[in-house]
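A short worksheet on the structure shown next.
Just so you know, these numbers come straight off a predicted model, no measurement behind them. Numbering of ligands and ligand atoms starts at 1, following listing order.
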Amino acid sequence: MTQPPSKEPGPEIEPYRGPAGGWGSVTSLVRQAKRAKRPASVMPGLAQQNKPHGFACVSCAWAKPADPHPAEFWENGAKATFWELTSDRATPDFFAQHTLEELKTFDDYELEMTGRLTHPMRYDRVTDRYVPVDWDEAFAEIGRELAAVRQEDPKTAIFYASGRASLETSYMYALFARLYGNNNLPDSSNMCHESTSVALPEVIGVPVGTVRLPDFDQADALFFFGQNPGVNSPRLLHPLQEAVRRGATIVTFNPLRERGLERFTNPQSPVEMVTRHETVISSQYHQVKAGGDIAALAGLCKAVLAADDASMAKSTGGVLDRAFITEHCHGFEDFRAFIQSTAWDAIEKESGLTRTALESAARVYCRAKAVIGIYGMGLTQHKRGVETIQMLTNFLFLRGNIGRPGAGVCPVRGHSNVQGQRTVGISEKTKLVPLDRLAEQYGFEPPREDGLTTVDACEAIIGGHIKAFVGLGGNFLRAVPETEAMEAAWPRMRLTVQIATKLNRSHLINGEVAYLLPCLGRTEVDRQESGPQAVTIEDSTSCIHGSKGFHAPASEHLLSEPRIVAGIAKATLPANANVPWDAWTADYARIRDAIEATYPKIFTDFNKRMWTPGGFDKPLPARERRFETETGKANFKVPSALSASFAEDGPDILRLMTLRSNGQFNTTIYEYTDRFRGVDGTRKVLFLNEKDIARFGLSDGQRVTLETAVDDGVTRRVADLRVTAYNIPEGCCAGYYPECNPLIPLWQHAERSKVPAAKSIPVRILAGGSTEP
Ligand SMILES: Nc1nc2c(c(=O)[nH]1)N[C@H]1C(S)=C(S)[C@@H](COP(=O)(O)OP(=O)(O)OC[C@H]3O[C@@H](n4cnc5c(=O)[nH]c(N)nc54)[C@H](O)[C@@H]3O)O[C@H]1N2
Ligand SMILES: Nc1nc2c(c(=O)[nH]1)N[C@H]1C(S)=C(S)[C@@H](COP(=O)(O)OP(=O)(O)OC[C@H]3O[C@@H](n4cnc5c(=O)[nH]c(N)nc54)[C@H](O)[C@@H]3O)O[C@H]1N2
Ligand SMILES: [Mo]
């Protein structure tokens with residue numbers, strides 16, 4: 001391993017004036033390629049990213065078109081690939097040199113920079129170091145330990161998954177948990193789009209979005225809520241740019257003016273690059289307050305209903321799609337009554353937007369024949385995240401904007417296979433899983449009780465009820481709320497096993513017996529008995545794709561994820577002739593046959609169809625206006641309040657949003673730079689409105705401590721944040737995830753979906769830090 005370039009270099013903060021994409025993204029890519037020391041060997045491979053017979057981007061879950069762009073990857077997808085293929089290695093020598101106590105002083109960036117894990121490692125408590133072990137030895141001990149926990153109570157083990165593992169691995173992992181005896185299969189989705197998975201089935205009968213890529217060619221308007229494509233799904237900027245060029249209108253609701261939603265230069269267009277041509281993306285940009293979207297959507301609906309009344313009075317036919325509402329919807333009259341009884345004053349106060357602004361956005365909506373509603377973490381990570389999403393579907397239903405070309409609801413998912421994991425059984429919710437089918441296929445009695453969500457799992461770990469934790473990827477301890485209590489409780493577990501590609505903080509805090517098992521990444525050649533293997537993933541638009549690695553593995557000691565899951569399962573469970581772990585890992589086509597047998601409607605001819613250009617479609621009844629809900633209709637839902645937030649309003653309380661920078665993938669920090677927000681050299685910033693800076697008597701550059709403003713007897717603080725004047729609504733502030741996670745109370749999660757409320761944490765500022773020169 002090389003030493004990390006340096007500790008956090010120190011801040012340079014000035015507004016970024018360029019577009020998203022453009023020369024800035026090229027410069028940033030070249031810098032990352034050099035740092036990963038991989039340009040020559042990776043470049044040919046990159047060209048295969050998101051191509052038929054290539055590999056699926058290891059970064060985001062955005063759709064992959066059937067006729068890809070010459071380079072269907074983007075700055076941040078390419079960065080994720082570089083970093084998977086870095087030439088740095090965290091070898092047994094490296095671990096011999098550092099105790100875990102020392103490694104705990106490394107920050108997320110420095111841990112990432114240690115490079116790829118190369119050997120299976122066992123934690124040695126006496127020397128406080130990881131030491132190398134044989135795979136067989138590792139499986140044998142993990143199997144013994146897990147079997148002992150199972151004997152006592154199988155519900156005291158947790159099988160976490162981060163959303164990257166393939167459909168093949170995910171299917172095996174979920175089956176393993178059920179054979180083991182629980183449904184404790186929380187995944188990163190529990191911190192992410194679980195609000196979607198709860199909200200959408202109730203109102204449209206499917207847990208996923210209804211929009212597919214070709215709909216972007218037909219939409220007249222796109223309404224964007226709390227999703228930041230320039231950073232988190234940059235390939236989405238192509239269809240957005242094309243939509244704008246066709247004359248479609250984009251209206252954005254976001255507390256921050258995110259550059260990718262403002263202006264864009266396509267780095268793959270030589271003409272645009274040379275002429276520095278920029279496309280203006282959003283024609284209206286509404287800086288809604290954090291947690292203000294229920295109110296904003298209520299305002300939009302109020303304006304649409306008013307326009308309808310006016311049109312009906314003039315006998316011009318109305319604005320609502322009455323045929324759709326009558327034939328397909330339930331609950332419209334209640335919803336209309338709610339909107340009528342909601343005053344503009346309350347809407348303006350909660351949303352932070354004026355009636356005039358909302359009416360002008362509603363006019364765009366009423367003029368458009370087909371509208372897509374797009375959203376991300378800005379809606380899901382709130383107390384009323386589920387209801388906020390249902391307000392968005394209410395809004396779409398008014399003019400029948402669902403189940404026809406160019407229209408629909410489009411949640412933009414995070415991890416590249418997070419949606420697919422749910423499709424093949426990684427879920428704590430038993431009603432989402434065909435348990436009877438599994439019982440028949442594998443001859444066992446699956447556990448019927450719902451398992452633990454991520455928040456439930458954290459509560460149980462803090463409560464001392466969990467004995468074993470297996471992590472299939474991810475960085476659980478860093479991604480979850482309540483960092484301090486979680487890190488304190490973690491070592492009380494008997495067994496912790498982490499399957500990973502790179503070292504992270506969750507690997508440094510261990511159970512009594514602990515293993516760190518290194519696996520192949522998706523970009524690497526996965527050779528098994530029957531030859532090189534391919535895997536499959538499902539994207540945000542429910543299209544299923546094949547993916548094949550191209551690069552030599554980072555170390556000869558790595559195993560593939562299916563091999564590791566099979567290894568642990570075989571060592572833990574009594575033999576079951578119905579579950580052919582070895583035949584599956586010898587040839588992944590056999591796993592796909594098993595998936596097809598469990599889910600015949602979705603995965604018909606799976607092995608034949610997996611290389612369909614653009615992926616093959618998972619059936620989505622709501623796209624055909626078949627709403628498989630309790631009423632058999634698309635349901636309007638009345639929200640229980642106008643604010644989506646927990647945050648109490650008090651003169652000294654601010655709503656903190658935790659954000660991703662342009663230099664990170666979740667808890668993986670690639671650089672201390674957030675180009676679009678003009679921040680360089682630090683992540684310890686607190687973005688504040690200038691008026692709030694003045695109101696609190698602070699100054700730009702001053703260091704402050706943030707404290708969570710809840711009264712539950714726990715003190716939660718993050719110190720040494722640099723006050724940074726920013727264009728953000730008054731009363732709101734923003735900082736980076738995961739640095740601000742210690743501030744999130746575990747109990748502040750979305751109602752019903754239990755997604756931690758990471759986008760409006762009530763905080764107050766404790767001043768008294770130094771002021772920077
Ligand atoms: N490069 C890169 N790509 C990624 C990731 C990454 O970390 N880096 N993470 C992946 C994952 S797992 C996910 S889930 C996605 C996340 O992608 P996004 O859904 O874009 O998530 P965030 O960046 O957390 O926040 C989105 C936006 O919500 C806005 N926002 C905050 N609060 C509110 C609010 O109350 N209302 C509204 N309307 N907006 C609000 C913020 O200003 C921000 O622009 O990206 C995926 N792709
Ligand atoms: N405050 C706050 N907290 C948040 C969020 C927020 O917006 N604000 N966002 C939430 C969201 S949306 C999500 S999805 C979660 C993310 O939570 P996680 O999915 O748990 O976290 P990641 O940072 O994506 O995990 C990164 C690690 O995964 C491992 N890894 C990478 N590739 C592979 C692979 O191919 N196989 C295996 N086995 N391991 C691999 C590497 O070791 C790497 O260190 O965080 C959530 N937490
Ligand atoms: Mo996510």
Side-chain angles (χ1 to χ4, degrees), residues 58-62 74-77 79-80 84 108 111-112 117 160-166 169 187-193 224-234 252-258 260-261 286 288-293 296 375-382 388 411-416 418 454 471-481 498-507 517-523 561 564 644-645 655 657-668 670 728 732 734-741 743-744 755-756 758-761:
V58 292
S59 178
C60 83
W62 186 243
W74 203 263
E75 178 185 346
N76 290 340
K79 277 186 205 166
E84 186 163 296
D108 301 304
L111 289 172
E112 168 69 17
L117 299 166
Y160 173 71
S162 163
R164 194 182 284 204
S166 64
T169 308
D187 77 350
S188 58
S189 176
N190 289 126
M191 297 178 258
C192 182
H193 268 291
F224 247 95
F225 293 85
Q227 202 270 333
N228 185 12
V231 169
N232 296 321
S233 48
T252 294
F253 292 81
N254 194 312
L256 305 185
R257 296 195 68 94
E258 303 287 24
L261 289 161
H286 302 287
V288 63
K289 271 197 339 200
D293 300 271
Y375 67 93
M377 296 301 102
L379 297 199
T380 64
Q381 296 178 331
H382 285 289
T388 311
V412 182
R413 302 268 170 174
H415 272 298
S416 51
V418 66
T454 293
L472 177 60
N475 187 359
F476 191 83
L477 271 174
R478 209 64 185 124
V480 299
Q498 302 280 2
I499 304 164
T501 51
K502 297 265 189 83
L503 188 61
N504 65 45
R505 176 93 186 164
S506 299
H507 308 149
L517 305 178
C519 64
L520 291 171
R522 195 186 294 150
T523 51
E561 289 179 322
I564 296 174
S645 267
R655 291 182 186 181
M657 298 175 267
T658 54
L659 302 175
R660 294 166 160 77
S661 79
N662 191 50
Q664 76 185 86
F665 189 87
N666 295 340
T667 68
T668 301
Y670 303 125
I728 184 170
C732 300
Y736 289 117
Y737 143 61
E739 286 80 355
C740 290
N741 284 42
L743 295 168
I744 312 176
V755 171
K759 294 289 189 271
S760 55
I761 308 158

So, is [X] polar-close to ligand 2, with some N/O to N/O distance under 3.5 Å?
| X | value |
| --- | --- |
| His415 | yes |
| Gly474 | yes |
| Tyr160 | yes |
| Ala758 | no |
| Ser162 | yes |
| Ala479 | yes |

Testing Lys502, Arg505, Arg478 one by one against Asp108 for a salt bridge (Lys or Arg N to Asp or Glu O under 4.0 Å), which residue passes?
Arg478

Do any nitrogen or oxygen atoms of [X] lie less than 3.5 angstrom from nitrogen or oxygen atoms of ligand 1?
| X | value |
| --- | --- |
| Gly292 | no |
| Gly414 | no |
| Ser661 | no |
| Asn254 | yes |

Partners of Glu561 by salt bridge (charged side-chain N to carboxylate O under 4.0 Å, His left out), sequence neighbours excluded?
none

Heavy-atom proximity to [atom], best of [options]:
| atom | options | result |
| --- | --- | --- |
| atom 43 (C) of ligand 2 | Leu520, Asn504, Asn666 | Asn504 |
| atom 1 (N) of ligand 2 | Leu743, Thr380, Thr169, Asn741 | Asn741 |
| atom 5 (C) of ligand 2 | Gln381, His507, Glu739, Gln664 | Gln381 |
| atom 7 (O) of ligand 2 | Met191, Lys502, Arg660 | Arg660 |
| atom 22 (P) of ligand 2 | Val418, Thr667, Thr668 | Thr667 |

Quick one: do the [X] and [Y] side chains pair a donor with an acceptor below 3.5 Å?
| X | Y | result |
| --- | --- | --- |
| Asp293 | His382 | no |
| Gln227 | Ser233 | yes |
| His286 | Thr252 | no |

Any idea how Phe225 and Phe253 line up, ring-wise: parallel (<30°), tilted (30 to 60°), or perpendicular (>60°)?
parallel

Quick one: which ligand 2 atoms are inside 4.0 Å of a heavy atom on Ile499?
37 (C), 38 (N), 39 (N)

Number the atoms of ligand 2 from 1 as they appear, then name those within less than 4.0 Å of a heavy atom of Cys519, with their elements.
36 (N), 37 (C), 38 (N)

Report the part of [X] in contact with ligand 2, treating N, CA, C, O as backbone and CB onward as side chain, heavy atoms under 4.0 Å; options are side chain, backbone, both, neither.
| X | answer |
| --- | --- |
| Glu112 | neither |
| Ala500 | both |
| Leu503 | neither |

Part of Gln227 within contact of ligand 1 (heavy atoms, under 4.0 Å):
both

Can you tell me which portion of Met657 lies within the under-4.0 Å heavy-atom range of ligand 1? Options are side chain, backbone, both, or neither.
side chain

Report yes if some heavy atom in the side chain of Arg522 is under 4.5 Å from a heavy atom in the side chain of Arg164; otherwise report no.
yes

Minimum-distance protein heavy atom relative to atom 37 (C) of ligand 2:
Glu561 OE2, 3.1 Å

Please answer whether the main-chain N or O of Cys192 pairs with a side-chain N or O of Thr380 as donor and acceptor at a distance below 3.5 Å.
yes

At the 4.0 Å heavy-atom cut-off, does Arg522 count as touching ligand 2?
no

